[in-house]
Amino acid sequence: MENTYDIIIVGAGPAGMSAALYARRANKKVLVLEACAYGGKITKAHLIENYPGIPSISGVDYATALYNQITSLNAEIKYETVKKIEEDNTVITNKNTYKATAIIIATGAGNKKLGIAREQEFLGSGLSYCATCDGAFFRGDDVAVVGGGDTALEDAIYLSSIAKKVYLLVRSEEFTGQESYIEEVEKKDNIIIKYNTTVKELKGDTCIESITINELGQEKSLSVSGIFIAVGLTPSNDIFANIIDLDENGYIISEDGVHTSKEKVYVAGDARVKDLRQLATAISDGAIAATTAIREMKGWFYGNRN
Ligand SMILES: Cc1cc2nc3c(=O)[nH]c(=O)nc-3n(C[C@H](O)[C@H](O)[C@H](O)COP(=O)(O)OP(=O)(O)OC[C@H]3O[C@@H](n4cnc5c(N)ncnc54)[C@H](O)[C@@H]3O)c2cc1C
C-alpha cells in the first residue's frame with residue numbers, strides 16, 4: 001500500500017538520517033518525516049571539530065552530505081509534522097496518515113527558554129537561541145551569551161569574531177562544558193566572563209538595548225544589543241506519551257538506549273535519556289535503532305542475534 005512502510009523515522013536530524021541510511025542499505029521501505037528542515041540542530045554548529053575522522057566541517061555541510069547520502073539511496077523524506085502515533089503504529093501528521101511495521105523516534109530536543117519576562121517579545125529583535133544563525137546581525141556590537149555548557153562556550157567563541165564585546169553570563173561558579181572550549185574562551189580578549197550571574201530583565205523599546213543582571217547578589221545593567229540564550233535543551237515528546245514512557249523531563253526512557261516501552265517503537269539521538277547529546281552519539285543511536293528494528297522484523301531478538 002502507498003502509505004505503508006517498513007520503517008517510519010520521525011525527525012531528519014543526524015540520528016534520523018543515520019537510521020535512514022542503515023534502513024535503506026538493508027533495502028527497507030523507509031519514510032523520514034521532518035517538521036522543519038533536514039539536518040536538525042547540527043546545522044546550527046558553526047564548525048564541528050569533534051566528529052571522529054572529520055577534523056573540521058560546518059554543521060550545514062555535514063548535514064547536507066548526510067542528506068545527499070540517504071537521498072541517493074532513495075530514502076523518502078516528507079516535510080510533515082508528526083502529531084500522534086497510535087497503538088497499531090499508525091502515524092498521523094499534519095497532512096497525512098501512514099502505517100509502519102517499525103517506528104524510530106528521532107525528534108531531538110529544542111532550546112530551553114530562560115523563563116524571564118519579554119523573552120518571547122524580543123525573539124528576533126535582539127534575542128536569539130542560535131548564534132550561528134543570527135550572530136552576523138550584531139557585527140561590532142556588544143552582546144551577551146547566557147549559559148555555561150558547550151553551546152554557550154561555542155557561541156561565545158563564534159561571536160567573539162563578530163561582536164565588539166561578548167559577555168558570557170554563567171549561573172554557577174564554573175563552566176560545565178569541554179575543557180578545550182573553556183581554554184579557547186579564556187584566551188579571547190573580548191570575552192568577559194561573569195560567573196554567579198543571572199539575567200533578571202530584558203530592556204528596550206522594540207529591540208534589546210540593555211539587560212539587568214544579578215552578579216554575586218548585585219544588580220547591574222549591561223548595555224547590549226543582542227542576547228544569545230544557551231541554557232540547555234528541552235525535548236518535545238509529549239505527543240508520544242500515549243504510547244511510550246517518558247522521564248520527568250520529557251525524554252524517552254529506554255533501558256538499553258534503543259528500545260522504548262512499546263514493541264516496534266525505537267528511539268535514537270537527543271530525544272532519549274542519555275548522558276552525552278552529541279553528533280557522534282546521535283549517529284551511533286540511529287545506526288543501532290535501524291539495525292535493531294530490522295533484526296526484530298525478522299524475528300531475531302536478544303540472545304538470538306546470529
Ligand atoms: C549550536 C549547536 C552546536 C552544536 N555543535 C556540536 C558539535 O560541534 N559537535 C557535536 O558533536 N554536537 C554538536 N551539537 C549537538 C548536536 O547538534 C546534537 O547532539 C544532534 O543534532 C542530535 O541529533 P538528533 O537527530 O538526535 O536531534 P536533532 O538534531 O534535534 O534533530 C531532530 C529533528 O527532528 C525534527 N522533529 C522534531 N519533532 C518532530 C515532529 N513532531 N515531527 C517531525 N519532525 C520532528 C526536528 O525538526 C529536527 O530536525 C550542537 C548543537 C547546537 C545547538
Side-chain angles (χ1 to χ4, degrees), residues 8-21 31-63 66-67 77-85 91-96 98 103-112 128-135 145 147 149-159 177-178 180-181 228-240 250-252 257 267-289:
I8 287 182
I9 298 162
V10 188
M17 290 201 283
S18 167
L21 173 68
L31 173 64
V32 185
L33 293 167
E34 168 54 51
C36 304
Y38 73 77
K41 286 193 301 298
I42 202 63
T43 57
K44 314 277 187 265
H46 170 53
L47 280 180
I48 306 163
E49 297 189 327
N50 60 354
Y51 191 75
I54 304 177
S56 186
I57 188 169
S58 82
V60 169
D61 284 353
Y62 176 81
L66 185 50
Y67 172 81
I77 298 198
K78 291 189 180 184
Y79 292 95
E80 299 179 20
T81 304
V82 172
K83 296 286 186 191
K84 196 176 180 194
I85 299 175
V91 178
I92 300 165
T93 75
N94 55 335
K95 294 182 185 160
N96 284 302
Y98 304 97
I103 295 169
I104 298 173
I105 300 176
T107 44
N111 298 302
K112 203 180 264 178
S128 168
Y129 299 94
C130 177
T132 44
C133 317
D134 301 325
V145 174
D150 282 347
T151 304
L153 289 158
E154 270 190 279
D155 285 358
I157 295 163
Y158 175 69
L159 290 166
Q178 290 175 41
S180 60
Y181 291 149
F228 292 86
I229 315 291
V231 293
L233 298 173
T234 181
S236 46
N237 294 321
D238 293 356
I239 51 169
F240 309 122
Y251 288 103
I252 297 170
V267 63
D270 283 4
R272 74 175 176 90
V273 175
K274 68 196 298 194
D275 290 331
L276 184 63
R277 292 194 170 83
Q278 287 276 279
L279 178 60
T281 60
I283 291 292
S284 163
D285 279 1
I288 297 169

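We count ligands from 1, going down the list as the structure has it; atoms in each ligand are counted the same way. Predicted, not measured: the structure shown is a model, and the values here were computed from it. Just so it is clear, the values below take in all heavy atoms, side chains as well, and ignore hydrogens, waters and symmetry mates.
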Specify the protein heavy atom at minimum distance from [atom]: its residue, its atom name, and the distance to 0.1 Å.
atom                    : result
atom 40 (C) of ligand 1 : V82 N, 3.8 Å
atom 15 (C) of ligand 1 : R277 O, 4.1 Å
atom 34 (O) of ligand 1 : G11 CA, 3.3 Å
atom 44 (N) of ligand 1 : A35 N, 3.0 Å

Go through ligand 1 atom by atom and flag the ones less than 4.0 Å from a non-hydrogen atom of [X].
X    : answer
G40  : 29 (O), 31 (O), 48 (C), 49 (O)
N50  : 7 (C), 8 (O), 9 (N), 10 (C), 11 (O)
E154 : 3 (C), 4 (C), 5 (N), 8 (O)
E80  : 43 (C)
A106 : 32 (C), 33 (C), 34 (O)
A45  : 3 (C), 4 (C), 5 (N)
G269 : 26 (O)
G13  : 25 (O), 31 (O), 33 (C)

Before you tell me yes or no, could you show the steps for T234 and S236 under side-chain contact (heavy atoms from CB on, under 4.5 Å), namely the whole-Å CA-CA distance, both residues' side-chain angles and the distance that decides it to 0.1 Å? CA-CA 7 Å; T234 181; S236 46; over 6 Å; no
Tell me whether [X] reaches ligand 1 (any heavy atom closer than 4.0 angstrom to a ligand atom).
X    : result
H46  : no
A271 : no
N111 : no

Nearest heavy atom to [atom] wins, so pick from [options].
atom                    : options               : result
atom 1 (C) of ligand 1  : R272, E34, Q278, K44  : K44
atom 51 (C) of ligand 1 : K274, K41, M17, Q178  : K41
atom 6 (C) of ligand 1  : I42, L33, I48         : I42
atom 27 (O) of ligand 1 : G108, G110, A230, A12 : G108

Does only the side chain of [X] get under 4.0 Å from ligand 1, or the backbone, or both, or neither? Count heavy atoms.
X    : value
V10  : side chain
A109 : backbone
L279 : both
I239 : side chain
T132 : neither

Considering both backbone and side-chain atoms of [X], is one of its nitrogen or oxygen atoms within less than 3.5 Å of a nitrogen or oxygen in ligand 1?
X    : result
A282 : no
F240 : no
D270 : yes

Polar side chain donor-acceptor pair, [X] to [Y], under 3.5 angstrom:
X    : Y    : result
Y181 : E49  : no
N94  : E80  : no
S18  : D285 : no

Would you call the rings of Y38 and Y67 parallel, tilted or perpendicular, where under 30° means parallel and over 60° means perpendicular? parallel
Counting the benzene-type ring for Trp, do Y51 and Y62 have ring centres under 6.0 Å apart?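 Between Y62 and Y51, which both carry aromatic rings, the centre distance is below 6.0 Å.
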Evaluate the side chain to side chain donor-acceptor pair (under 3.5 Å) criterion for residues T281 and K274: first the C-alpha distance (whole Å), next the side-chain angles of each, then the deciding distance (0.1 Å), finally the verdict. CA-CA 9 Å; T281 60; K274 68 196 298 194; 3.2 Å; yes
